[in-house]
Asker: 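Handing you this structure, nothing more for now.
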Amino acid sequence: MGSSIFSSPSSDLHPMDLLSRILPRNGEALAGVRMVQEGGARGVQFFSPAQALTFPSSQLFINCPLFPAEFSIVATVKVPETRMKRNEYLFTVVKEDVHVTLGSKPACTVAELGQLWFDTLKRGLFLCDGAYWHSMLQEKDRLDYVDDYQDLYTTSETLDIELFQIPSVGLFAAMAHRANKPGSAIYRWNQGHFQLYQNISTFKAQAWKQFTIGRKMLLAVSNSVGPVDGERELSVIYRWSNKRLKFVRYQTLETHSARDWESFHINNEAFLAVANHRTENGNHNIDSVVYKWNPGTKTFEVNQTISTSGAYDWEFFTIGPYHFLAVANAFDGNSTQTDSSVYIWLGGAFQLFQTIRTFGATDWEMFQIGNRVFLAVANGHMLCERGPSLYTINSTIYELDVTTKMFLKFQDIVTYSAVDWEFFSVGDEHFLVVANSYDGSSYSLNSVIYRWQGYEGFVPVHRLPTIGCSDWEFFTSAEGSYLMYSSAKAPLSKVFKLRIQ
(Lines give C-alpha, C1' and ligand atoms only; values in the text may rest on other atoms or scores of the structure.)
Protein backbone atom coordinates (compact mmCIF):
# COMPACT_ATOMS: atom_id res chain seq x y z
CA MET A 1 0.00 0.00 0.00
CA GLY A 2 1.53 3.33 -1.05
CA SER A 3 2.39 5.91 1.57
CA SER A 4 0.21 9.02 1.95
CA ILE A 5 1.48 12.32 0.65
CA PHE A 6 0.69 13.67 4.14
CA SER A 7 2.76 11.03 5.95
CA SER A 8 5.56 13.51 6.79
CA PRO A 9 4.10 16.31 8.88
CA SER A 10 5.66 19.76 8.84
CA SER A 11 7.19 19.42 12.28
CA ASP A 12 10.35 21.47 11.86
CA LEU A 13 8.66 24.77 12.78
CA HIS A 14 10.50 27.24 14.98
CA PRO A 15 9.73 30.76 16.25
CA MET A 16 10.42 33.25 13.50
CA ASP A 17 10.57 37.06 13.24
CA LEU A 18 8.45 37.66 10.15
CA LEU A 19 9.20 41.40 10.01
CA SER A 20 12.94 40.76 9.84
CA ARG A 21 12.34 38.90 6.59
CA ILE A 22 10.88 41.95 4.84
CA LEU A 23 12.21 45.08 6.52
CA PRO A 24 15.50 46.55 5.23
CA ARG A 25 18.47 45.70 7.44
CA ASN A 26 20.23 49.01 6.83
CA GLY A 27 17.51 51.01 8.62
CA GLU A 28 16.18 52.69 5.44
CA ALA A 29 12.47 53.55 5.24
CA LEU A 30 10.30 51.17 3.26
CA ALA A 31 7.53 52.65 1.06
CA GLY A 32 4.03 51.82 2.27
CA VAL A 33 5.13 50.94 5.79
CA ARG A 34 5.46 52.96 8.99
CA MET A 35 6.12 52.18 12.65
CA VAL A 36 3.38 53.20 15.11
CA GLN A 37 3.35 53.14 18.89
CA GLU A 38 0.45 53.49 21.30
CA GLY A 39 0.23 52.81 25.01
CA GLY A 40 3.61 51.08 25.11
CA ALA A 41 2.71 48.73 22.25
CA ARG A 42 4.65 48.99 19.04
CA GLY A 43 3.52 47.78 15.61
CA VAL A 44 3.86 48.17 11.87
CA GLN A 45 1.16 49.79 9.73
CA PHE A 46 0.87 48.79 6.05
CA PHE A 47 -0.82 51.21 3.61
CA SER A 48 -0.82 49.15 0.41
CA PRO A 49 0.17 45.65 -0.73
CA ALA A 50 3.55 45.49 -2.47
CA GLN A 51 5.91 42.79 -3.66
CA ALA A 52 8.65 44.26 -1.41
CA LEU A 53 6.61 43.10 1.59
CA THR A 54 6.74 39.38 0.71
CA PHE A 55 9.06 36.45 1.13
CA PRO A 56 8.87 32.81 -0.09
CA SER A 57 6.86 30.45 2.12
CA SER A 58 9.66 27.88 1.72
CA GLN A 59 11.69 29.92 4.22
CA LEU A 60 9.00 29.31 6.82
CA PHE A 61 7.81 25.74 6.00
CA ILE A 62 11.05 23.92 5.30
CA ASN A 63 9.68 20.36 4.92
CA CYS A 64 6.39 21.28 3.20
CA PRO A 65 7.03 21.29 -0.57
CA LEU A 66 3.28 20.99 -1.26
CA PHE A 67 2.31 24.06 0.77
CA PRO A 68 1.00 27.00 -1.34
CA ALA A 69 3.69 29.34 -2.58
CA GLU A 70 1.78 32.33 -1.18
CA PHE A 71 -0.41 32.76 1.88
CA SER A 72 -1.51 35.62 4.12
CA ILE A 73 -1.50 36.23 7.85
CA VAL A 74 -4.08 38.72 9.11
CA ALA A 75 -3.87 40.30 12.55
CA THR A 76 -6.22 42.65 14.40
CA VAL A 77 -4.27 45.05 16.54
CA LYS A 78 -6.11 47.99 18.11
CA VAL A 79 -9.03 48.45 20.48
CA PRO A 80 -9.52 52.07 21.61
CA GLU A 81 -10.03 52.63 25.31
CA THR A 82 -11.52 56.12 25.07
CA ARG A 83 -14.95 56.63 26.62
CA MET A 84 -17.57 57.69 24.08
CA LYS A 85 -21.28 58.41 24.04
CA ARG A 86 -23.43 55.31 24.29
CA ASN A 87 -24.83 55.92 20.78
CA GLU A 88 -21.43 56.52 19.12
CA TYR A 89 -18.87 54.02 17.89
CA LEU A 90 -15.40 54.41 16.41
CA PHE A 91 -14.58 52.93 13.01
CA THR A 92 -11.06 53.02 11.58
CA VAL A 93 -11.09 53.42 7.82
CA VAL A 94 -7.50 53.43 6.38
CA LYS A 95 -6.06 56.28 8.50
CA GLU A 96 -9.12 58.17 9.69
CA ASP A 97 -11.33 57.60 12.71
CA VAL A 98 -15.02 58.09 11.85
CA HIS A 99 -17.77 58.46 14.44
CA VAL A 100 -21.00 56.59 13.85
CA THR A 101 -24.13 57.91 15.57
CA LEU A 102 -27.03 55.62 16.40
CA GLY A 103 -30.70 56.38 16.87
CA SER A 104 -32.98 59.03 15.39
CA LYS A 105 -31.86 61.19 12.48
CA PRO A 106 -29.21 63.69 13.62
CA ALA A 107 -28.33 67.02 12.02
CA CYS A 108 -26.23 66.93 8.86
CA THR A 109 -24.24 70.16 8.58
CA VAL A 110 -20.67 71.10 7.68
CA ALA A 111 -19.72 70.14 11.23
CA GLU A 112 -20.90 66.54 10.59
CA LEU A 113 -19.33 66.29 7.11
CA GLY A 114 -18.04 62.78 6.51
CA GLN A 115 -19.68 61.32 9.61
CA LEU A 116 -21.89 58.24 9.59
CA TRP A 117 -25.34 57.67 11.05
CA PHE A 118 -26.87 54.24 11.61
CA ASP A 119 -30.66 54.35 11.54
CA THR A 120 -31.62 51.68 14.07
CA LEU A 121 -35.28 51.77 12.98
CA LYS A 122 -34.68 51.18 9.26
CA ARG A 123 -31.33 49.46 9.80
CA GLY A 124 -29.52 51.67 7.33
CA LEU A 125 -26.09 53.32 7.22
CA PHE A 126 -25.95 56.92 5.98
CA LEU A 127 -23.12 59.34 5.16
CA CYS A 128 -23.34 63.12 5.72
CA ASP A 129 -22.15 65.30 2.81
CA GLY A 130 -22.47 68.50 4.82
CA ALA A 131 -26.14 69.02 3.93
CA TYR A 132 -27.93 65.67 3.36
CA TRP A 133 -27.67 62.09 4.58
CA HIS A 134 -26.96 59.67 1.73
CA SER A 135 -27.75 55.95 1.99
CA MET A 136 -24.71 53.68 1.90
CA LEU A 137 -26.30 50.47 3.12
CA GLN A 138 -29.94 50.03 4.01
CA GLU A 139 -32.41 47.24 4.56
CA LYS A 140 -35.21 47.45 2.02
CA ASP A 141 -38.42 49.14 3.12
CA ARG A 142 -41.42 46.92 3.79
CA LEU A 143 -45.05 47.97 4.13
CA ASP A 144 -46.24 47.18 7.65
CA TYR A 145 -49.71 48.75 7.85
CA VAL A 146 -51.79 51.70 6.64
CA ASP A 147 -52.77 54.55 8.94
CA ASP A 148 -55.61 57.10 8.61
CA TYR A 149 -53.78 60.42 8.12
CA GLN A 150 -55.91 63.29 6.75
CA ASP A 151 -59.59 63.90 6.04
CA LEU A 152 -59.84 66.34 3.13
CA TYR A 153 -63.32 67.86 3.05
CA THR A 154 -64.26 69.17 -0.38
CA THR A 155 -67.09 71.26 -1.81
CA SER A 156 -68.41 68.33 -3.83
CA GLU A 157 -67.98 64.67 -4.65
CA THR A 158 -64.68 63.99 -6.41
CA LEU A 159 -64.27 61.74 -9.44
CA ASP A 160 -60.52 61.97 -10.00
CA ILE A 161 -57.26 63.10 -8.40
CA GLU A 162 -54.16 64.19 -10.33
CA LEU A 163 -50.96 64.56 -8.33
CA PHE A 164 -48.02 66.51 -9.72
CA GLN A 165 -44.95 68.52 -8.76
CA ILE A 166 -44.16 72.08 -9.79
CA PRO A 167 -40.41 72.70 -9.40
CA SER A 168 -39.53 75.12 -6.60
CA VAL A 169 -43.23 75.41 -5.70
CA GLY A 170 -44.29 72.02 -4.38
CA LEU A 171 -46.63 69.03 -4.62
CA PHE A 172 -50.21 69.62 -5.84
CA ALA A 173 -53.43 67.60 -6.08
CA ALA A 174 -56.01 68.61 -8.70
CA MET A 175 -59.48 67.36 -7.70
CA ALA A 176 -62.20 66.88 -10.31
CA HIS A 177 -65.44 67.87 -8.54
CA ARG A 178 -68.89 66.87 -9.73
CA ALA A 179 -70.62 70.17 -8.84
CA ASN A 180 -70.30 73.15 -11.18
CA LYS A 181 -70.14 75.69 -8.38
CA PRO A 182 -67.61 76.59 -7.18
CA GLY A 183 -66.10 74.04 -9.58
CA SER A 184 -62.97 71.97 -9.06
CA ALA A 185 -60.08 72.67 -6.73
CA ILE A 186 -56.32 72.42 -6.57
CA TYR A 187 -54.68 71.63 -3.26
CA ARG A 188 -51.06 72.14 -2.26
CA TRP A 189 -49.09 69.92 0.10
CA ASN A 190 -47.94 72.15 2.94
CA GLN A 191 -46.18 70.96 6.10
CA GLY A 192 -47.42 67.42 5.70
CA HIS A 193 -51.05 68.16 4.74
CA PHE A 194 -53.07 69.22 1.69
CA GLN A 195 -54.48 72.76 1.81
CA LEU A 196 -56.75 74.53 -0.69
CA TYR A 197 -54.68 76.53 -3.19
CA GLN A 198 -56.90 77.47 -6.17
CA ASN A 199 -60.48 77.03 -7.38
CA ILE A 200 -61.14 76.52 -11.11
CA SER A 201 -64.54 76.73 -12.81
CA THR A 202 -65.46 73.31 -14.25
CA PHE A 203 -68.65 71.55 -15.43
CA LYS A 204 -69.13 68.07 -13.94
CA ALA A 205 -65.41 67.52 -14.23
CA GLN A 206 -64.38 63.91 -14.70
CA ALA A 207 -60.58 63.98 -14.69
CA TRP A 208 -57.42 66.09 -14.68
CA LYS A 209 -54.12 65.49 -16.50
CA GLN A 210 -50.90 67.40 -15.89
CA PHE A 211 -48.10 67.40 -18.48
CA THR A 212 -45.16 69.48 -19.67
CA ILE A 213 -44.20 70.71 -23.13
CA GLY A 214 -40.86 72.47 -23.20
CA ARG A 215 -41.03 74.99 -20.39
CA LYS A 216 -44.82 75.06 -20.35
CA MET A 217 -46.50 73.26 -17.46
CA LEU A 218 -50.05 72.43 -18.54
CA LEU A 219 -53.12 70.99 -16.83
CA ALA A 220 -56.12 69.65 -18.79
CA VAL A 221 -59.60 69.06 -17.35
CA SER A 222 -62.29 66.90 -18.95
CA ASN A 223 -65.69 68.60 -18.59
CA SER A 224 -68.58 66.22 -19.19
CA VAL A 225 -71.30 68.83 -19.82
CA GLY A 226 -71.60 72.31 -21.27
CA PRO A 227 -71.88 75.49 -19.18
CA VAL A 228 -75.67 75.33 -19.70
CA ASP A 229 -77.96 72.83 -21.39
CA GLY A 230 -77.67 72.91 -25.15
CA GLU A 231 -74.29 74.63 -25.28
CA ARG A 232 -71.15 72.98 -26.63
CA GLU A 233 -69.07 70.95 -24.23
CA LEU A 234 -65.60 72.44 -23.92
CA SER A 235 -62.74 70.89 -22.04
CA VAL A 236 -59.97 73.26 -21.06
CA ILE A 237 -56.18 73.26 -20.92
CA TYR A 238 -54.65 75.55 -18.29
CA ARG A 239 -51.08 76.86 -18.13
CA TRP A 240 -49.08 77.49 -14.98
CA SER A 241 -48.17 81.16 -14.64
CA ASN A 242 -44.83 81.66 -12.90
CA LYS A 243 -45.75 85.31 -12.44
CA ARG A 244 -49.15 84.79 -10.86
CA LEU A 245 -48.30 81.39 -9.33
CA LYS A 246 -51.64 80.06 -10.55
CA PHE A 247 -53.11 78.12 -13.46
CA VAL A 248 -54.64 80.31 -16.17
CA ARG A 249 -56.81 79.31 -19.15
CA TYR A 250 -54.74 78.46 -22.23
CA GLN A 251 -56.78 76.48 -24.82
CA THR A 252 -60.28 74.99 -25.16
CA LEU A 253 -61.16 71.84 -27.11
CA GLU A 254 -64.62 70.54 -27.97
CA THR A 255 -65.26 67.19 -26.32
CA HIS A 256 -68.25 64.89 -25.76
CA SER A 257 -68.92 63.82 -22.18
CA ALA A 258 -65.14 63.54 -21.83
CA ARG A 259 -63.99 61.03 -19.24
CA ASP A 260 -60.20 61.17 -19.42
CA TRP A 261 -57.12 62.87 -20.87
CA GLU A 262 -53.83 61.11 -21.60
CA SER A 263 -50.62 62.93 -22.53
CA PHE A 264 -47.49 61.41 -24.02
CA HIS A 265 -44.47 62.05 -26.22
CA ILE A 266 -43.35 60.06 -29.26
CA ASN A 267 -40.11 60.96 -31.05
CA ASN A 268 -39.96 64.34 -29.28
CA GLU A 269 -43.50 65.22 -30.40
CA ALA A 270 -46.24 65.89 -27.84
CA PHE A 271 -49.72 64.32 -27.99
CA LEU A 272 -52.94 64.55 -25.98
CA ALA A 273 -55.74 61.98 -26.24
CA VAL A 274 -59.31 62.51 -25.00
CA ALA A 275 -61.75 59.72 -24.15
CA ASN A 276 -65.14 60.86 -25.50
CA HIS A 277 -67.85 58.88 -23.70
CA ARG A 278 -71.02 59.77 -25.65
CA THR A 279 -72.60 62.42 -27.82
CA GLU A 280 -75.17 64.95 -26.57
CA ASN A 281 -78.02 62.75 -27.91
CA GLY A 282 -76.75 59.67 -26.04
CA ASN A 283 -74.80 57.81 -28.75
CA HIS A 284 -71.88 55.98 -27.13
CA ASN A 285 -70.30 54.84 -30.40
CA ILE A 286 -68.32 57.93 -31.30
CA ASP A 287 -64.79 58.97 -32.09
CA SER A 288 -62.25 59.79 -29.45
CA VAL A 289 -59.46 62.09 -30.55
CA VAL A 290 -55.66 62.16 -30.46
CA TYR A 291 -54.35 65.72 -30.63
CA LYS A 292 -50.82 66.72 -31.61
CA TRP A 293 -48.94 69.78 -30.39
CA ASN A 294 -48.13 72.31 -33.12
CA PRO A 295 -44.86 74.07 -32.14
CA GLY A 296 -45.65 76.90 -34.56
CA THR A 297 -49.07 77.87 -33.21
CA LYS A 298 -48.26 76.47 -29.76
CA THR A 299 -51.65 74.75 -29.63
CA PHE A 300 -53.05 71.23 -29.95
CA GLU A 301 -54.56 70.17 -33.29
CA VAL A 302 -56.46 67.03 -34.32
CA ASN A 303 -54.01 64.34 -35.43
CA GLN A 304 -56.14 61.15 -35.44
CA THR A 305 -59.64 59.99 -34.56
CA ILE A 306 -60.26 56.51 -33.13
CA SER A 307 -63.67 54.84 -32.95
CA THR A 308 -64.62 54.06 -29.33
CA SER A 309 -67.67 52.81 -27.42
CA GLY A 310 -68.40 54.69 -24.24
CA ALA A 311 -64.69 55.35 -23.74
CA TYR A 312 -63.67 55.86 -20.11
CA ASP A 313 -59.89 55.83 -20.03
CA TRP A 314 -56.74 56.00 -22.15
CA GLU A 315 -53.44 54.44 -21.03
CA PHE A 316 -50.22 55.14 -22.91
CA PHE A 317 -47.11 53.02 -22.38
CA THR A 318 -43.85 52.12 -24.07
CA ILE A 319 -42.22 48.68 -24.35
CA GLY A 320 -38.75 48.83 -25.85
CA PRO A 321 -39.01 50.81 -29.11
CA TYR A 322 -42.80 50.36 -29.37
CA HIS A 323 -45.50 52.77 -28.21
CA PHE A 324 -49.00 51.63 -27.20
CA LEU A 325 -52.31 53.30 -26.38
CA ALA A 326 -55.06 51.29 -24.67
CA VAL A 327 -58.68 52.43 -24.43
CA ALA A 328 -61.21 51.21 -21.85
CA ASN A 329 -64.58 50.94 -23.64
CA ALA A 330 -67.45 50.81 -21.17
CA PHE A 331 -70.71 50.61 -23.18
CA ASP A 332 -71.71 50.12 -26.83
CA GLY A 333 -75.32 51.28 -26.44
CA ASN A 334 -76.67 47.81 -25.67
CA SER A 335 -74.22 46.05 -23.39
CA THR A 336 -71.17 46.61 -21.23
CA GLN A 337 -69.73 43.38 -22.64
CA THR A 338 -67.65 44.99 -25.32
CA ASP A 339 -64.13 44.95 -26.67
CA SER A 340 -61.56 47.32 -25.32
CA SER A 341 -58.60 47.86 -27.61
CA VAL A 342 -54.82 48.21 -27.51
CA TYR A 343 -53.26 50.25 -30.33
CA ILE A 344 -49.64 50.37 -31.47
CA TRP A 345 -47.88 53.35 -33.06
CA LEU A 346 -46.85 52.47 -36.62
CA GLY A 347 -46.24 54.74 -39.59
CA GLY A 348 -47.10 57.91 -37.75
CA ALA A 349 -50.49 56.73 -36.42
CA PHE A 350 -52.03 54.30 -33.95
CA GLN A 351 -53.12 50.99 -35.46
CA LEU A 352 -55.08 48.17 -33.82
CA PHE A 353 -52.81 45.74 -31.97
CA GLN A 354 -55.25 43.64 -29.92
CA THR A 355 -58.84 43.59 -28.65
CA ILE A 356 -59.73 42.36 -25.16
CA ARG A 357 -63.25 41.56 -23.97
CA THR A 358 -64.13 43.74 -20.98
CA PHE A 359 -67.23 44.46 -18.89
CA GLY A 360 -67.98 48.12 -18.38
CA ALA A 361 -64.24 48.85 -18.40
CA THR A 362 -63.33 52.04 -16.56
CA ASP A 363 -59.54 51.97 -16.25
CA TRP A 364 -56.34 50.44 -17.61
CA GLU A 365 -53.17 50.34 -15.49
CA MET A 366 -49.89 49.28 -17.09
CA PHE A 367 -46.98 48.29 -14.84
CA GLN A 368 -43.75 46.32 -14.94
CA ILE A 369 -42.19 43.94 -12.43
CA GLY A 370 -38.65 43.15 -13.47
CA ASN A 371 -38.81 42.47 -17.19
CA ARG A 372 -42.46 41.36 -17.07
CA VAL A 373 -45.13 43.70 -18.49
CA PHE A 374 -48.68 43.70 -17.13
CA LEU A 375 -51.92 45.46 -18.04
CA ALA A 376 -54.76 45.51 -15.48
CA VAL A 377 -58.36 46.41 -16.37
CA ALA A 378 -60.96 47.63 -13.89
CA ASN A 379 -64.32 46.14 -14.89
CA GLY A 380 -67.24 48.30 -13.67
CA HIS A 381 -70.33 46.14 -14.17
CA MET A 382 -71.95 43.56 -16.39
CA LEU A 383 -75.08 44.76 -18.18
CA CYS A 384 -76.88 43.14 -21.09
CA GLU A 385 -80.13 43.97 -22.91
CA ARG A 386 -81.80 41.30 -20.81
CA GLY A 387 -81.03 40.39 -17.24
CA PRO A 388 -79.97 42.29 -14.13
CA SER A 389 -76.80 44.31 -13.74
CA LEU A 390 -73.94 42.55 -11.97
CA TYR A 391 -71.43 44.58 -9.99
CA THR A 392 -69.51 41.79 -8.25
CA ILE A 393 -67.41 40.60 -11.18
CA ASN A 394 -63.81 39.86 -12.07
CA SER A 395 -61.32 42.51 -12.98
CA THR A 396 -58.37 41.03 -14.85
CA ILE A 397 -54.60 41.37 -15.03
CA TYR A 398 -53.03 40.54 -18.38
CA GLU A 399 -49.37 39.84 -19.08
CA LEU A 400 -47.55 40.48 -22.35
CA ASP A 401 -46.43 37.19 -23.88
CA VAL A 402 -43.33 37.84 -25.99
CA THR A 403 -43.83 34.64 -27.99
CA THR A 404 -47.38 35.30 -29.19
CA LYS A 405 -46.90 39.10 -28.96
CA MET A 406 -50.25 39.38 -27.17
CA PHE A 407 -51.54 40.26 -23.73
CA LEU A 408 -52.76 37.01 -22.15
CA LYS A 409 -54.84 36.58 -19.00
CA PHE A 410 -52.64 36.28 -15.92
CA GLN A 411 -55.04 36.64 -12.98
CA ASP A 412 -58.69 37.38 -12.20
CA ILE A 413 -59.53 39.35 -9.06
CA VAL A 414 -63.08 39.74 -7.74
CA THR A 415 -63.97 43.44 -7.55
CA TYR A 416 -67.09 45.51 -6.86
CA SER A 417 -67.81 47.95 -9.68
CA ALA A 418 -64.11 48.73 -9.87
CA VAL A 419 -63.24 52.14 -11.31
CA ASP A 420 -59.47 52.38 -10.80
CA TRP A 421 -56.24 50.44 -10.29
CA GLU A 422 -53.11 52.03 -8.84
CA PHE A 423 -49.73 50.28 -8.91
CA PHE A 424 -46.97 51.28 -6.48
CA SER A 425 -43.81 49.91 -4.90
CA VAL A 426 -42.31 50.08 -1.43
CA GLY A 427 -38.71 48.92 -1.36
CA ASP A 428 -38.60 45.68 -3.34
CA GLU A 429 -42.31 44.97 -2.79
CA HIS A 430 -44.97 45.72 -5.41
CA PHE A 431 -48.65 46.46 -4.81
CA LEU A 432 -51.95 47.07 -6.58
CA VAL A 433 -54.83 48.89 -4.91
CA VAL A 434 -58.33 48.75 -6.39
CA ALA A 435 -61.11 51.33 -6.08
CA ASN A 436 -64.26 49.33 -5.26
CA SER A 437 -67.24 51.65 -5.65
CA TYR A 438 -70.53 49.68 -5.45
CA ASP A 439 -71.71 46.12 -4.83
CA GLY A 440 -75.31 46.53 -6.00
CA SER A 441 -76.68 47.65 -2.64
CA SER A 442 -74.06 49.79 -0.89
CA TYR A 443 -71.29 52.27 -1.67
CA SER A 444 -69.58 51.63 1.67
CA LEU A 445 -67.07 48.98 0.73
CA ASN A 446 -63.53 47.92 1.42
CA SER A 447 -61.05 48.85 -1.24
CA VAL A 448 -58.18 46.37 -1.22
CA ILE A 449 -54.39 46.51 -1.42
CA TYR A 450 -52.87 43.46 -3.10
CA ARG A 451 -49.21 42.48 -2.79
CA TRP A 452 -47.19 40.80 -5.53
CA GLN A 453 -46.10 37.32 -4.48
CA GLY A 454 -44.51 35.95 -7.64
CA TYR A 455 -46.00 32.65 -8.69
CA GLU A 456 -49.10 33.31 -6.54
CA GLY A 457 -49.72 36.60 -8.32
CA PHE A 458 -51.35 39.40 -6.30
CA VAL A 459 -52.80 38.48 -2.90
CA PRO A 460 -54.92 40.74 -0.61
CA VAL A 461 -53.03 42.18 2.35
CA HIS A 462 -54.94 45.29 3.47
CA ARG A 463 -58.64 46.25 3.32
CA LEU A 464 -59.44 49.95 3.58
CA PRO A 465 -63.02 51.17 4.24
CA THR A 466 -64.12 53.61 1.50
CA ILE A 467 -67.35 55.27 0.35
CA GLY A 468 -68.00 55.24 -3.40
CA CYS A 469 -64.26 55.14 -4.05
CA SER A 470 -63.46 56.71 -7.44
CA ASP A 471 -59.66 57.00 -7.59
CA TRP A 472 -56.44 56.02 -5.81
CA GLU A 473 -53.13 57.85 -6.02
CA PHE A 474 -49.77 56.96 -4.46
CA PHE A 475 -47.23 59.63 -3.61
CA THR A 476 -44.16 60.30 -1.50
CA SER A 477 -42.95 63.41 0.27
CA ALA A 478 -40.29 64.33 2.78
CA GLU A 479 -42.68 63.11 5.48
CA GLY A 480 -43.16 59.61 4.05
CA SER A 481 -45.25 57.55 1.60
CA TYR A 482 -49.01 57.93 1.19
CA LEU A 483 -52.13 56.69 -0.55
CA MET A 484 -54.99 59.08 -1.32
CA TYR A 485 -58.51 58.23 -2.39
CA SER A 486 -61.46 60.27 -3.65
CA SER A 487 -65.16 59.62 -3.17
CA ALA A 488 -67.82 59.96 -5.87
CA LYS A 489 -70.55 59.76 -3.21
CA ALA A 490 -69.35 62.07 -0.42
CA PRO A 491 -67.57 65.44 -0.30
CA LEU A 492 -64.63 63.81 1.42
CA SER A 493 -61.27 62.50 0.24
CA LYS A 494 -58.81 60.77 2.54
CA VAL A 495 -55.05 60.47 2.81
CA PHE A 496 -53.53 57.33 4.32
CA LYS A 497 -49.96 57.09 5.50
CA LEU A 498 -48.01 53.93 4.78
CA ARG A 499 -46.24 52.75 7.90
CA ILE A 500 -43.01 51.24 6.70
CA GLN A 501 -40.62 49.06 8.65
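Starting from 1, each residue takes its place in the sequence as its number.
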Asker: Among pairs that include at least one residue of residues 298-325, which meet salt bridge (Lys or Arg N to Asp or Glu O under 4.0 Å), considering only residues two or more places apart or in two chains?
Answerer: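 Not a single pair qualifies under salt bridge (Lys or Arg N to Asp or Glu O under 4.0 Å).
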Asker: So, Ser222 and Ser235: side-chain donor and acceptor under 3.5 Å apart, yes or no?
Answerer: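 Distance-only check fails for Ser222 and Ser235.
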Asker: Test of understanding: with side chain to side chain contact (heavy atoms under 4.5 Å, CB included), list the residues that count as partners of Leu113, not counting sequence neighbours.
Answerer: none
Asker: If you define the side chain from C-beta out and look only at heavy atoms, does anything of Val146 sit under 4.5 Å from Ile449?
Answerer: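 Result yes, sub-4.5 Å side-chain heavy-atom pair found.
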Asker: How about CZ on Arg499, more than 12 heavy atoms from neighbouring residues, nucleotides or ligands closer than 6.0 Å, or not?
Answerer: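 Enclosed.
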Asker: Which pairs pass side-chain hydrogen bond (donor to acceptor under 3.5 Å, both in side chains) with one or both residues in residues 442-458, sequence neighbours excluded?
Answerer: Ser447-Thr466, Arg451-Gln453, Gln453-Glu456
Asker: Could you list the residues that satisfy side-chain hydrogen bond (donor to acceptor under 3.5 Å, both in side chains) with Glu112, not counting sequence neighbours?
Answerer: Thr109
Asker: Any salt bridge (Lys or Arg N to Asp or Glu O under 4.0 Å) involving residues 325-345? Give me the pairs, sequence neighbours left out, ordered by first then second residue.
Answerer: Asp339-Arg357
Asker: Flag the pair Ile500 / Val426 as yes when at least one side-chain heavy-atom distance between them is below 4.5 Å, and no otherwise.
Answerer: yes
Asker: If you take all heavy atoms of Leu383 and Thr336, which pair is closest and at what distance?
Answerer: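 Heavy atoms of Leu383 and Thr336 come nearest at N-OG1, 2.7 Å.
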Asker: So, Ser335 versus Gln337: side-chain donor-acceptor pair below 3.5 Å or not?
Answerer: no
Asker: Suppose we screen for side-chain hydrogen bond (donor to acceptor under 3.5 Å, both in side chains). Which residues come up paired with Glu280, at least two apart in sequence or across chains?
Answerer: His256
Asker: Assess whether side chain to side chain donor-acceptor pair (under 3.5 Å) is satisfied between Thr279 and Asn281, documenting all intermediate values.
Answerer: CA-CA 5 Å; Thr279 63; Asn281 60 9; 2.3 Å; yes
Asker: Tell me the closest heavy-atom pair linking Lys105 and Trp117, and the distance in Å.
Answerer: CA-CZ2, 3.4 Å
Asker: Provide the closest heavy-atom pair for Gln206 versus Ala258 in the form atom of the first, atom of the second, distance.
Answerer: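 Scanning both residues completely, I find the closest heavy atoms to be CG-O, 3.2 Å.
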Asker: Of all residues at least two apart in sequence or in a different chain, which pass the side-chain hydrogen bond (donor to acceptor under 3.5 Å, both in side chains) check with His381?
Answerer: none
Asker: Please find the pair of heavy atoms, one from Ser437 and one from Cys469, that lie closest to each other, and give the distance.
Answerer: CB-O, 3.4 Å
Asker: With distance as the sole test, does Glu422 use its side chain to make a donor-acceptor pair with the main-chain N or O of Phe474 at under 3.5 Å?
Answerer: yes
Asker: Sequence neighbours left out, what passes side-chain hydrogen bond (donor to acceptor under 3.5 Å, both in side chains) with Ser340? Give chain and number order.
Answerer: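 Result, side-chain hydrogen bond (donor to acceptor under 3.5 Å, both in side chains) vs Ser340: Thr358.
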Asker: If you measure only the distance, is there a donor-acceptor pair under 3.5 Å linking the side chains of Ser425 and His430?
Answerer: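 There is such a pair (donor and acceptor under 3.5 Å, judged by atom type) between the side chains of Ser425 and His430.
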Asker: Fit a plane to each ring of Tyr485 and Trp472, take the angle between them on a 0 to 90° scale, and name the class: parallel (under 30°), tilted (30 to 60°) or perpendicular (over 60°).
Answerer: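 Correct class here is tilted.
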Asker: When Phe264 is tested against each of Phe271, Trp293, Tyr291, Trp345 for ring-ring contact (aromatic ring centres under 6.0 Å, His included), which residue passes?
Answerer: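 Of all the options given, the one that passes is Phe271.
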Asker: Just wondering, more than 12 heavy atoms not from Lys246 lying within 6.0 Å of its NZ?
Answerer: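 Counting neighbours around NZ of Lys246, more than 12 heavy atoms of other residues, nucleotides or ligands fall under 6.0 Å, so yes.
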Asker: Carefully, step by step, assess Thr318 and His323 under the rule side chain to side chain donor-acceptor pair (under 3.5 Å).
Answerer: CA-CA 4 Å; Thr318 298; His323 306 288; 3.0 Å; yes
Asker: So Phe172 and Phe164, would you call those rings parallel, tilted or perpendicular, with 30° and 60° as cut-offs?
Answerer: parallel
Asker: Can you find a side-chain donor-acceptor pair between Ser257 and Arg259 that sits under 3.5 Å?
Answerer: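 A pair is found: one side chain offers a donor N or O, the other an acceptor, under 3.5 Å apart.
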Asker: Under a 4.5 Å cut-off applied to non-hydrogen side-chain atoms, are Val327 and Ser341 in contact?
Answerer: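 Yes, their side chains come closer than 4.5 Å.
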Asker: Can you pull the salt bridge (Lys or Arg N to Asp or Glu O under 4.0 Å) pairs that have at least one residue in residues 198-214, sequence neighbours excluded?
Answerer: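 Every pair satisfying salt bridge (Lys or Arg N to Asp or Glu O under 4.0 Å) with a residue in residues 198-214: Lys209-Glu262.
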Asker: Sequence neighbours excluded, which residues qualify as side chain to side chain contact (heavy atoms under 4.5 Å, CB included) partners of Ala275?
Answerer: Asp260, Ala311, Trp314
Asker: Considering only heavy atoms from C-beta outward, does the side chain of Trp189 approach that of Phe194 to under 4.5 Å?
Answerer: yes
Asker: Evaluate the side-chain proximity of Met366 to Phe324: yes if any heavy-atom separation is below 4.5 Å, no if none is.
Answerer: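 They are not in contact (no side-chain heavy atoms under 4.5 Å apart), so the answer is no.
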Asker: Under 3.5 Å, side-chain donor or acceptor atoms of residues 155-163 against the rest of the protein: list the pairs with distances, not counting sequence neighbours.
Answerer:
from: Ser156; atom 1: OG; to: Arg178; atom 2: N; distance (Å): 3.4
from: Ser156; atom 1: OG; to: Ala179; atom 2: N; distance (Å): 3.0
from: Thr158; atom 1: OG1; to: His177; atom 2: ND1; distance (Å): 3.1
from: Asp160; atom 1: OD2; to: Trp208; atom 2: N; distance (Å): 3.0
from: Glu162; atom 1: OE2; to: Gln210; atom 2: N; distance (Å): 3.0

Asker: With sequence neighbours excluded, what pairs up with Leu245 under the side chain to side chain contact (heavy atoms under 4.5 Å, CB included) test?
Answerer: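 Tyr197, Trp240.
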